[in-house]
Amino acid sequence: MRLQRNVTCGELRAKDIDREVILAGWVRNRRDHGGVHFVDLCDRYGITQVRFDPGQEAILEGLKSEYVIALRGKVEARPEGQINADRPTGEVEVKVLEVEVLNTSKTPPFEVQEEIEAKEDTRLKYRFVDLRRRPLAEAMVFRSRVTQIIREVFHDEDFVDIETPLLTKTTPEGARDFIVPSRLQPGMVYALPQSPQLFKQVLMVSGLDRYYQICKCLRDEDLRADRQPEFTQLDMEMSFVRPDDVFAVVEKTLQRLWKELKGVDLPLPFPRMSYAEAMARFGIDKPDTRFGLELVDMSDLAATTGFKVFSGAVASGGSVRAIRVPGGASMPRKKVDALEKVAKEYGARGLAWVKWNEDGFQGPVGKFLQESELHPMLERAGAEPGDLLVFVADRDAVVFAALAHVRLHLGRTLDLIDESRTDCLWVVDFPLFEYDEEAGHWSAMHHMFTMPKEPLPAKGEEGDLSGVLGDLYDLVVNGVEMGSGSIRIHRPEVQRRVFELVNLSEDDVEAKFGWFLRALEYGAPPHGGIALGLDRLVMVMLGRDNLREVIAFPKNSRGVCPLTESPSEPLGDALDVLGLRFVGVASDDAPQDA
RNA sequence: GGCCCGGUGGCGCAAUUGGUUAGCGCACCAGACUGUCGAUCUGGGGGUUGAGGGUUCAAGUCCCUUCCGGGUCGCCA
């Protein structure tokens with residue numbers, strides 16, 4: 001490299017006119033006018049137009065898309081009427097004096113510009129090109145600012161940044177672990193952490209008092225638009241605290257982030273809502289509160305109707321709930337059917353509905369209910385002529401899931417969501433346990449280390465645990481689950497009892513958690529904390545709808561990295577060294593049945 | 001594992017009821033043009049329609065199998 005840049009492509013202004021400068025960057029968008037030629041020279045900082053005058057064609061011949069060049073040139077004012085107001089550098093251009101080609105480039109698989117239509121798989125394979133695009137590059141820079149501000153806040157608040165191990169102990173329940181076989185302990189495995197949960201609690205036992213870490217977490221589960229197998233958490237834990245103390249730190253952090261990066265004042269404190277209320281009003285524990293369409297419980301009215309779908313659901317312990325869609329009577333049948341499809345995806349057997357038109361009631365509910373049965377329902381829903389009511393009748397779990405997603409579908413398709421709003425919400429008082437049908441016993445809804453809000457049932461009096469609340473909280477932003485935390489159990493005997501209630505044998509407890517119980521036995525202080533999903537946080541702040549837009553090198557929906565083509569077959573004797581072999585893997589060079 | 005959508009030049013898409021030589025835009029290459037800024041104009045090259053099998057006089061199109069991608073349910077304490 002002979003020419004070394006002394007300015008970036010984003011910084012030249014009118015005040016720089018007549019300077020001789022050296023720029024470096026990527027060649028984009030050549031514009032050839034026969035005599036004069038223009039090239040957009042781009043880097044992370046911006047775009048500078050450079051000009052080649054007649055006689056410089058030979059240089060230009062050697063410059064193709066995405067070639068990397070350095071050039072010496074003179075900053076000049078653009079002629080009258082030629083200023084590009086869309087660009088910070090638009091008042092000037094650089095007349096080329098000398099060019100050094102630093103590297104050539106193959107023709108890129110897609111163009112490096114704001115909007116592209118390339119398939120995501122192509123983009124991931126050529127991520128190095130994709131990351132040159134402004135929206136992606138900006139997301140990376142934005143994310144870096146986010147972590148920087150987080151570190152400032154936590155430093156100011158006297159938190160200690162402590163790293164916890166990546167090679168750790170596999171734990172039962174929760175997500176599937178990624179496993180790392182141990183060479184030094186043949187037959188044994190480490191697990192990659194699903195979160196640093198127990199380590200941070202141990203740090204509290206150690207008296208470190210306020211811990212935080214921006215750390216990778218790994219879970220071997222199927223992927224989604226908002227779920228990657230490896231993701232980043234802002235993890236924190238504090239001693240001698242109540243939920244309010246945890247909330248305050250999180251609120252302060254988000255307020256700083258929104259203020260500094262988006263110029264938005266988030267009002268504090270964030271509103272709080274119980275789990276029970278969230279379910280009753282929205283059917284989901286992470287409600288998007290930016291629009292209405294809340295659920296209405298019709299169970300008592302439905303119980304006495306002659307419509308068996310309704311009365312039957314209530315009789316068997318379920319419920320009948322509805323959503324009123326203002327003005328929905330004019331919704332075409334096709335769209336109503338689409339709603340039913342959503343409901344069915346979430347287990348509902350159907351979606352009952354009624355349209356209130358000038359000429360009366362239309363739809364299955366209008367048909368099967370007497371007007372005397374229908375009227376109290378309309379009244380409770382606050383319905384008016386022109387409205388549509390949709391109903392689901394089933395077990396509560398199904399009714400909630402179906403209507404919650406019908407509601408979201410309506411919110412999106414009817415354009416009811418004010419995207420400029422940021423609704424932060426604490427959802428609190430979650431049940432501690434939920435019944436695992438498959439396993440046939442109770443299990444922890446959040447995790448097994450959450451402090452119960454009330455004394456646990458004594459031995460022999462377990463019964464229904466669904467009413468036991470935990471000191472648990474979720475942070476929800478615009479309907480996205482942003483974080484989850486709790487006040488933890490710090491007394492070993494309470495911890496042992498919870499293990500018991502979720503059906504862990506004493507032997508299991510000793511083998512899996514003996515080390516942790518030992519820590520609790522040596523002066524564990526009351527403590528609690530939370531972990532926020534950093535990728536989701538950045539995603540929501542940037543208004544993107546896919547995690548892959550805010551992660552530099554994400555996996556695709558099958559857990560494959562198209563850039564590196566990982567995962568790949570083990571190299572050489574890697575398996576032998578570990579004493580492993582694959583069995584039952586169908587492929588050309590592996591026997592299907594050993 | 002289930003369901004929905006998709007796979008056609010480098011990239012994005014089209015192709016009527018199964019019917020001519022598989023089109024279009026961008027990119028690429030060449031030519032024209034002294035002020036563009038996603039330049040414009042003219043011309044050109046580039047295809048085993050993901051793979052395999054089947055039906056048919058004829059398949060991008062229909063059927064079967066399979067692979068790959070996106071979304072989603074289950075799963076994700």
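Proteins get letters first, then strands, A, B, ... in listed order; numbering begins at 1 in each. Because only heavy atoms are used, hydrogens play no part in the values below, and waters and symmetry mates are left out as well, while side chains stay in.
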Quick one: side chains of residues 335-344 of chain A, donor-acceptor pairs under 3.5 Å with protein atoms, not counting sequence neighbours, listed by atom name and distance.
residue, atom, partner, partner atom, Å
Asp337(A), OD1, Arg333(A), NE, 3.2
Glu340(A), OE2, Leu351(A), N, 3.0

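The separation between Asp285(A) atom CG and rC76(B) atom P is 14 Å, rounded to whole Å. Distance CG (Asp177(A)) to C1' (rC76(B)): 13 Å, rounded to an integer number of Å. We find that CD1 of Ile284(A) is positioned 14 Å from C1' of rC73(B), with the value rounded to whole Å. Atom NZ in Lys286(A) sits about 10 Å away from atom C1' in rC76(B), given to the nearest Å. Counting to the nearest Å, the C1' atom of rC76(B) and the CD atom of Gln233(A) are 12 Å from each other. The distance from atom NZ of Lys341(A) to atom C1' of rC73(B) is 13 Å, rounded to the nearest whole Å. In this structure, the CG atom of Leu60(A) is 15 Å from the P atom of rU34(B), given to the nearest Å. Atom pair Glu57(A):CD and rC33(B):P shows a separation of 11 Å (rounding to whole Å applied).
Between rC26(B) and rU21(B), the two C1' atoms lie 24 Å apart (nearest whole Å). On the P atoms, rC3(B) is 24 Å away from rU8(B), given to the nearest whole Å. Taking the C1' atom of each, rG74(B) and rC4(B) are spaced 15 Å apart, rounded to whole Å. Taking atom P in both rG70(B) and rC13(B), one finds a spacing of 14 Å when rounded to whole Å. To the nearest whole angstrom, the two C1' atoms, one in rC67(B) and one in rG53(B), are 15 Å apart. rA22(B) and rG46(B) have their C1' atoms separated by 14 Å, given to the nearest Å. Taking atom P in both rC28(B) and rG10(B), the straight-line distance is 15 Å, to the nearest Å. Between the C1' atoms of rA14(B) and rG6(B), the separation comes to 15 Å (whole Å).
Under 3.5 Å, the side chains of Asp177(A) and Gln194(A) contain a donor-acceptor pair of N or O atoms.
Base pairing of rC57(B): its partner is rG19(B), meeting the Watson-Crick or G-U wobble criterion (both donor-acceptor distances under 3.5 Å). Look at rC3(B): its Watson-Crick or wobble partner, with both distances under 3.5 angstrom, is rG71(B). rG25(B) is paired with rC11(B) under the Watson-Crick or G-U wobble criterion, all donor-acceptor distances under 3.5 Å.
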What are the atom names and distances for every N/O pair under 3.5 Å that joins the protein to nucleotides 65-69 of chain B?
residue, atom, partner, partner atom, Å
rC68(B), OP2, Arg558(A), NH1, 3.1
rG69(B), OP1, Asn556(A), ND2, 3.1
rG69(B), OP2, Arg558(A), NE, 2.8

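Sorted by residue number, the list of members of residues 401-408 of chain A with any non-hydrogen atom under 4.0 Å from RNA chain B is empty. Heavy-atom distances under 4.0 Å link RNA chain B to Asn546(A), Arg548(A) of residues 545-553 of chain A, given in residue order. Listed by residue number, Arg219(A), Glu221(A), Asp222(A), Arg224(A), Ala225(A), Arg227(A) are the residues of residues 215-231 of chain A with a heavy-atom contact under 4.0 Å to RNA chain B.
For Val36(A), taking side-chain heavy atoms from C-beta onward, the closest of the listed nucleotides rC73(B), rG35(B), rC29(B) is rG35(B).
Residues meeting the ring pair (Phe, Tyr, Trp, His ring centres under 6.0 Å) test with Phe513(A), sequence neighbours left out: Phe449(A), Phe499(A). In this view, Gln233(A) satisfies the side-chain hydrogen bond (donor to acceptor under 3.5 Å, both in side chains) rule with no residue, not counting sequence neighbours.
Looking at Arg219(A) and Glu221(A), no side-chain N of the basic residue comes within less than 4.0 Å of a carboxylate O on the acidic one, giving no salt bridge. For Glu66(A) and Arg132(A), the salt-bridge test passes: some basic side-chain N is under 4.0 Å from an acidic carboxylate O. Here Arg548(A) pairs with Glu120(A) in a salt bridge; the nearest charged N to carboxylate O distance falls below 4.0 Å. Residues Asp220(A) and Arg176(A) are not paired through a salt bridge, judged by the lack of any N-O separation under 4.0 Å between the basic side chain and the carboxylate. A salt bridge links Arg19(A) with Asp16(A); the closest basic N to acidic carboxylate O contact falls under 4.0 Å. Electrostatic pairing of Glu230(A) and Lys555(A) counts as a salt bridge here, judged by a charged N lying under 4.0 Å from a carboxylate O.
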Under 4.0 Å protein heavy-atom contacts per nucleotide of nucleotides 36-45 of chain B, with B for base, S for backbone only and - for none: BBBB------

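A donor-acceptor pair under 3.5 Å is absent between the side-chain atoms of Asp436(A) and the main chain of Gly440(A), judged by distance alone. Under a 3.5 Å cut-off, the side chain of Ser566(A) and the backbone N or O of Ser568(A) do not form any donor-acceptor pair. Remark: the backbone N or O of Glu91(A) is not paired with any side-chain donor or acceptor of Arg13(A) at under 3.5 angstrom.
Within the structure, salt bridge (Lys or Arg N to Asp or Glu O under 4.0 Å) pairs that include any residue of residues 464-479 of chain A do not occur (at least two apart or interchain). Counting only residues at least two apart or on different chains, no salt bridge (Lys or Arg N to Asp or Glu O under 4.0 Å) pair has a member in residues 406-415 of chain A. Residue pairs meeting the side-chain hydrogen bond (donor to acceptor under 3.5 Å, both in side chains) criterion with at least one member in residues 494-504 of chain A, sequence neighbours excluded: Lys459(A)-Glu500(A), Glu462(A)-Arg497(A), Arg496(A)-Glu521(A), Arg497(A)-Glu500(A). Sorted by first and then second residue, the side-chain hydrogen bond (donor to acceptor under 3.5 Å, both in side chains) pairs involving residues 39-55 of chain A (not counting sequence neighbours) are Arg31(A)-Asp40(A), Arg31(A)-Gln49(A), Asp40(A)-Arg87(A), Gln49(A)-Glu93(A), Arg51(A)-Asp53(A), Arg51(A)-Glu76(A), Arg51(A)-Glu93(A), Asp53(A)-Lys95(A).
Using a 4.0 Å heavy-atom criterion, one finds that Tyr346(A) contacts the sugar-phosphate atoms exclusively. Counting non-hydrogen atoms under 4.0 angstrom, Ser65(A) reaches the backbone sugars and phosphates but no base. At the heavy-atom level, Lys64(A) lies under 4.0 Å from the strands shown only through sugar-phosphate atoms.
Of the two residues contacting RNA chain B, namely Leu124(A) and Arg176(A), the nearest-nucleotide position lying further toward the 5' end is that of Leu124(A). Looking at which nucleotide of RNA chain B each of Ala77(A) and Thr122(A) is closest to, the 5′-most match is held by Thr122(A).
Side-chain contact between Met236(A) and Met238(A) is present, with heavy atoms from C-beta onward closer than 4.5 Å.
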